[in-house]
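The structure appears right after this line, and notes come after that.
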2 protein chains.
Amino acid sequence: METVTENQKVKVAKKIKKMFGHIDVRNAEYCPIRDVMALASDKWSILIILYLGYYPVLRFNKLKKYVYGISGKVLSERLKMLEADGYISRTMYPEVPVRVEYGLTGFGHSYLLKLLDLTEWITAYSDTVIKNRKKFKKP
Amino acid sequence: METVTENQKVKVAKKIKKMFGHIDVRNAEYCPIRDVMALASDKWSILIILYLGYYPVLRFNKLKKYVYGISGKVLSERLKMLEADGYISRTMYPEVPVRVEYGLTGFGHSYLLKLLDLTEWITAYSDTVIKNRKKFKKP
DNA sequence: CGGCATCCGACACGATACTG
DNA sequence: CAGTATCGTGTCGGATGCCG
């Protein structure tokens with residue numbers, strides 16, 4: 001495993017400290033960051049955003065096919081939430097039958113960039129994690 | 001919002017295509033990546049890892065206090081899973097009463113780096129998201 | 001102190017059926 | 001085609017209590 005320098009640790013600690021003013025609401029108050037994070041890091045949301053990053057536009061049923069295993073209900077819920085939060089756009093063409101196209105907004109795309117770094121890391125190391133998991137279970 | 005160049009889009013598409021071989025398991029087979037991602041991007045896991053990134057070691061009850069709102073049950077579940085997956089280490093000192101210390105492994109720390117990029121983005125733009133959300137609800 | 005066991009409620013999710 | 005409505009269920013998570 002990559003060794004971590006003390007320098008890195010200090011940098012990281014600084015970054016975290018800066019964030020904690022926001023994410024560490026100790027009183028009973030409502031914490032918006034957690035909400036935003038919850039949707040953005042939801043497993044279905046991630047897959048939806050990734051697919052919309054790959055295909056410029058997708059229609060409902062296509063998306064449902066690609067995001068394998070998602071139910072229609074959950075997909076429509078997530079799409080509505082992601083649209084409300086500004087990540088994706090929804091365009092409806094009043095043809096018969098109707099055509100609805102989903103795509104990433106500029107905002108959504110800028111998020112996708114960050115998301116990709118994370119998912120790439122996870123993809124690269126998932127084998128390691130699976131191995132760790134098995135090693136942990138056995139002995 | 002930052003405009004997205006065509007060049008960027010192509011790059012992104014390539015990255016995603018590379019990943020999709022793994023995350024897009026269309027058949028009924030078990031998909032490990034989603035599992036790994038599910039734990040790693042869980043809202044509690046994220047907070048736990050962030051706090052362990054800030055404090056080198058933390059004991060159970062301290063952690064419970066910092067990760068505001070988590071129940072003892074869920075915290076111990078997550079800790080065990082995160083330990084099994086190799087992100088955190090658990091050291092028990094057989095004193096009376098026992099002392100147990102949690103910390104990040106090198107692997108966990110390297111994940112923290114990626115995670116930080118994401119949470120920083122979210123922290124920076126959460127206000128935007130909240131505004132979007134309100135704008136969407138109203139009219 | 002650090003947890004695990006148990007119980008129980010909420011709600012997130014899936015399946016199905018139906019509509020514009 | 002793109003959803004919504006309804007219903008049933010199962011899992012997650014919180015509270016409590018006990019033990020090493």
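Every heavy atom of this structure was used, including side-chain atoms; hydrogens, water molecules and symmetry mates were not.
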Base-contact (B) and sugar-phosphate-only (S) positions in nucleotides 1-14 of chain D, heavy-atom cut-off under 4.0 Å, - elsewhere: SSSS--B-----BB

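- In this structure Tyr54(B) satisfies the side chain to side chain donor-acceptor pair (under 3.5 Å) test with no other residue, sequence neighbours excluded.
- With hydrophobic clusters built from ILVMFWY side chains whose heavy atoms lie under 4.5 angstrom apart, Val98(A) shares a cluster with Leu79(A).
- Residues passing the side-chain contact (heavy atoms from CB on, under 4.5 Å) test with Val100(B) are Arg90(B), Met92(B), Tyr102(B), sequence neighbours excluded.
- Recorded end-axis angle for the helix from dC1(C)-dG20(D) to dG20(C)-dC1(D) stands at 50°, based on five pairs per end and rounded to 10 degrees.
- In terms of the side-chain contact (heavy atoms from CB on, under 4.5 Å) criterion, residue partners of Thr105(A) (sequence neighbours excluded) are, by chain and number, Ser89(A), Phe107(A).
- Screening residues 48-64 of chain A for salt bridge (Lys or Arg N to Asp or Glu O under 4.0 Å) gives no qualifying pairs among residues at least two apart or on separate chains.
- With sequence neighbours excluded, the residues satisfying side-chain contact (heavy atoms from CB on, under 4.5 Å) with Lys73(A) are Ser71(A), Glu77(A).
- Extent of DNA chain C lying under 4.0 Å from chain A heavy atoms, first and last nucleotide in 5' to 3' order, is dC13(C) to dG20(C).
- With sequence neighbours left out, Arg99(A) forms a side chain to side chain donor-acceptor pair (under 3.5 Å) with Glu95(A), Glu101(A).
- Annotation: salt bridge (charged side-chain N to carboxylate O under 4.0 Å, His left out) contacts of Glu120(A) (sequence neighbours excluded): Lys15(B).
- Applying the side-chain contact (heavy atoms from CB on, under 4.5 Å) criterion to Thr5(B), with sequence neighbours excluded, gives Asn7(B), Gln8(B).
- In this structure Glu6(A) satisfies the side chain to side chain donor-acceptor pair (under 3.5 Å) test with no other residue, sequence neighbours excluded.
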